[in-house]
Amino acid sequence: MKQSMMFIPTLREVPADAEVKSHQLMLRAGYIRQNTSGVYSYLPLAHKVLKKIEAIVREEMHNAGASELLMPALQQAELWQESGRWYSYGPELMRLKDRHNRDFALGATHEEMITSLVRDEVKSYKRLPLALYQIQTKFRDEKRPRFGILRGREFIMKDAYSFHSSQESLDEGYDKMFAAYQNVFARCGLNFRAVIADSGAMGGTDTHEFMVLSEIGEDTIAYSDTSQYAANIEMAPVIETYEASTEVKQELVKVETPNQRTIDEVVNFLHVSKEQAIKSILFKVDEQFVLVLVRGDHEINDIKVKNLYGASVVELATPEETKNILNCVPGYVGPIGVNEGVEVIADHAVKAVVNGVCGANEENYHYNNVNVDRDYSVAKYADLRFIQEGDLSPDGEGRIQFAKGIEVGHVFKLGTRYSEAMDATYLDENGRSQPMIMGCYGIGVSRTLAAIIEQHNDDNGIVLPEAVAPFHVHIVPVNAKNDVQRELSEKLYSQMNNAGLEVLLDDRQERVGVKFADSDLIGIPVRITVGKKAEEGIVEVKVRKSGESFEVTTEELSSKLDQLLGN
Ligand code: ATP
Ligand code: MG
């Protein structure tokens, strides 16, 4: 490709509104442009990289036995009503009406669509298992679109779905997909980890997320410092046990704590440790109010609360609700004397707190020397807190450490969540009707592009691994007006093209400094500079990643490139 024909609008300045490296570089290198919040155009270079990522995904999906199809983005509301998600998905689902006033959604995901397709076509166990996938644009009206294409409102996803007649078959299909995902992300040159995840709104049980390790990741991974254990922090169970102190129980006292609302303020004011404090927070669990207690140095994990109740929505009670239910403002809430309509549940650690401190359900007052069972009762103890660094690893081996990750892929065992709701059944060997057992598997293709750039860059720009680079080689003549340089560049360009390499030739009438800066910015693995020594048949080869450069004769060039590009 001749560069004069390509559309690569590079920028010298770092765009002010781009916070993270990949977003800045994709704008500067002319990879993407924003249209509106969370909506981007992929310019030719990004488009080429996306096609490479997609090719890797297609190969691995093929190896995992999945076949490709393409379903509509425009989905009738009836499908989502059947599964129930029309009512539960919330504002992230983009909804619209057609001219007949019928409701539609733009596909945020395709469980409903594929389940309806397969239920109409597959009737017998003989046709199972079946795995299908597509690479398609998805729409989600994200609350906080950010970091460029890392969290867009329109983005490209590979989504695969599998249908099975037994749990064993699902397990097998899941393992194949899991392996395919490891191959995809390894081939993309990513440093990643597969972690145990929460199945969230999707329903289902077994699930893993593929996390690219990165400081800017929005997810926290809890991993063991000695074993292979790794989980999304949301999911990691806490297996710590707590010894109750042998301290003598003191008499309960109400103390004035003017304007001391947070745990830190209260423990400083009363000169007690955070471990002595009991944090009490009122939640709304579906339609029920629940007061959740954890120790002052711990954080409540609302997903654990949600899972404990099998609830669909868990939210903090609003200040108004807190006022109505406990007759108290947030900051002074506590478990003593709450009315019977409110269930009090506590993390295991709370049971061991002797002579603790908690809110008095009265503004500017706390209780001291609080003891459970004597002063208040707990309906249920459970694991309700987030795991912390230094906690025992849930597999019993080693201690927990944290890392940040960007979720690029997600594999789920859905089970019969959709097939039951949507009546997707097959006839088994005995002629009995059974719901299909399903799995689903997503890769954020456009997010993967950004994640690759987030991990592969330096001060001068993007440094793409060869497997996903938009071109293999960049030919840059130093002086575009020099006939010898221009002719040699053209000759090398056609030789390499014929040899099957993807080559970009910078044929622009630009200063060499500009050409070099652009070349570094856009991240092609190998640059060939055709300069003064063109007359002697000598060119300079520069490896983008290491910065190493050396001269070679045009005869040696092709074997040198074979070495460098590993083919
Ligand atoms: P997140 O927690 O980041 O919102 P999710 O759990 O909603 O992700 P899934 O529903 O599992 O994501 O979607 C499958 C994949 O699609 C994700 O692993 C991610 O790589 C990608 N993805 C999800 N939302 C976005 C988005 N807004 N922009 C770009 N990619 C996304
Ligand atoms: Mg999401």
Side-chain angles (χ1 to χ4, degrees), residues 20 22-23 26 32 34 36-40 42 46 50 53-54 57 61 73 83 85 88-94 105-114 133-161 174 177-178 180-182 184-185 188 190 192-204 206-214 216-221 231-235 303 404-414 417-418 439-454:
V20 299
S22 57
H23 188 198
M26 292 181 86
I32 56 168
Q34 189 187 72
T36 184
S37 170
V39 180
Y40 289 83
Y42 306 100
L50 284 171
I53 298 169
E54 289 175 6
V57 169
M61 284 301 107
S83 74
R85 285 207 291 185
S88 63
Y89 208 99
E92 218 172 277
L93 188 65
M94 295 257 192
L106 293 179
T109 170
H110 278 66
E111 282 79 13
E112 283 79 1
M113 181 102 353
I114 194 106
Y133 77 98
Q134 63 177 347
I135 296 178
Q136 198 222 26
T137 300
K138 296 281 189 278
F139 300 86
R140 291 184 185 179
D141 199 356
E142 297 277 354
K143 198 169 181 184
R144 286 185 70 201
R146 61 184 197 145
F147 298 165
I149 61 170
L150 275 172
R151 183 173 295 286
R153 298 198 297 162
E154 174 178 329
F155 59 96
I156 303 169
M157 197 201 284
K158 184 287 300 180
D159 45 326
Y161 307 88
Y174 186 88
M177 281 291 174
F178 191 97
Y181 273 44
Q182 288 191 299
V184 166
F185 297 123
C188 288
L190 287 166
F192 68 96
R193 231 165 143 162
V195 309
I196 303 165
D198 175 48
S199 51
M202 306 289 284
D206 234 340
T207 131
H208 287 85
E209 287 164 351
F210 288 77
M211 295 280 189
V212 169
L213 302 183
S214 165
I216 65 147
E218 294 179 321
D219 292 276
T220 303
I221 303 165
N232 193 312
I233 185 183
E234 293 174 341
M235 274 307 285
I303 291 185
K404 291 281 179 193
I406 301 169
E407 180 195 321
V408 286
H410 206 166
V411 290
F412 286 85
K413 287 182 189 171
L414 284 173
R417 158 75 179 84
Y418 293 92
C440 76
Y441 319 88
I443 291 181
V445 174
S446 45
R447 182 181 284 183
T448 298
L449 163 60
I452 294 171
I453 294 175
E454 199 58 47

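For ligands, and for the atoms within them, numbers begin at 1 and follow the listed sequence.
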Between F412 and Y161, is the ring centre distance below 6.0 Å?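 Ring centroids of F412 and Y161 are no less than 6.0 Å from each other.
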Is R417 paired with E111 through a side-chain N to carboxylate O contact shorter than 4.0 Å?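 No, no charged N to carboxylate O under 4.0 Å.
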So if I count the atoms of ligand 1 from 1 in the order they appear, which ones are less than 4.0 Å from some heavy atom of R140?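 Selected atoms, number and element: 5 (P), 7 (O), 9 (P), 10 (O), 12 (O), 13 (O), 23 (C), 24 (N).
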Any idea which atoms of ligand 1 are less than 4.0 Å away from a heavy-atom of V408?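 Within the 4.0 Å cut-off of V408, ligand 1 contributes 18 (O), 20 (O).
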If only side-chain N and O atoms count, and only distance matters, is there a donor-acceptor pair under 3.5 Å linking E454 with S214?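 Note: S214 and E454 side chains miss the donor-acceptor criterion.
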Relative to ligand 1, is [X] under 4.0 angstrom through side chain, backbone, both or neither, heavy atoms considered?
X	result
E142	side chain
T109	neither
K138	neither

Is there a nitrogen or oxygen of G442 sitting under 3.5 Å from a nitrogen or oxygen of ligand 1?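 Min N/O separation from ligand 1 is not below 3.5 Å for G442.
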Consider every N or O of E407 and every N or O of ligand 1, then say whether any pair is closer than 3.5 Å.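 E407 vs ligand 1: N/O contact under 3.5 Å present.
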Take L449 and M26, measure what side-chain contact (heavy atoms from CB on, under 4.5 Å) needs, and give me the verdict at the end. CA-CA 10 Å; L449 163 60; M26 292 181 86; 3.5 Å; yes
Take the angle between the ring planes of H23 and Y40 and call it parallel below 30°, perpendicular above 60°, tilted in between.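 The arrangement is perpendicular - the two ring planes meet at more than 60°.
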Specify the closest pair of heavy atoms between G405 and I221, including all atoms of both residues, with the distance to one decimal.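 Nearest heavy atoms, G405 then I221: CA-CD1, 4.1 Å.
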Report yes or no: does a heavy atom of G152 sit under 4.0 Å from some atom of ligand 1?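 The answer is yes: ligand 1 sits under 4.0 Å from a heavy atom of G152.
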Close approach of L150 to ligand 1, heavy atoms, under 4.0 angstrom: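 Yes, that is the case, since the closest heavy atom of the residue is under 4.0 Å from the ligand.
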Just by modelled atom types, is the R140 backbone N or O under 3.5 Å from a matching donor or acceptor in the R153 side chain?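 No, the answer is negative, given that no donor and acceptor are paired below the 3.5 Å cut-off.
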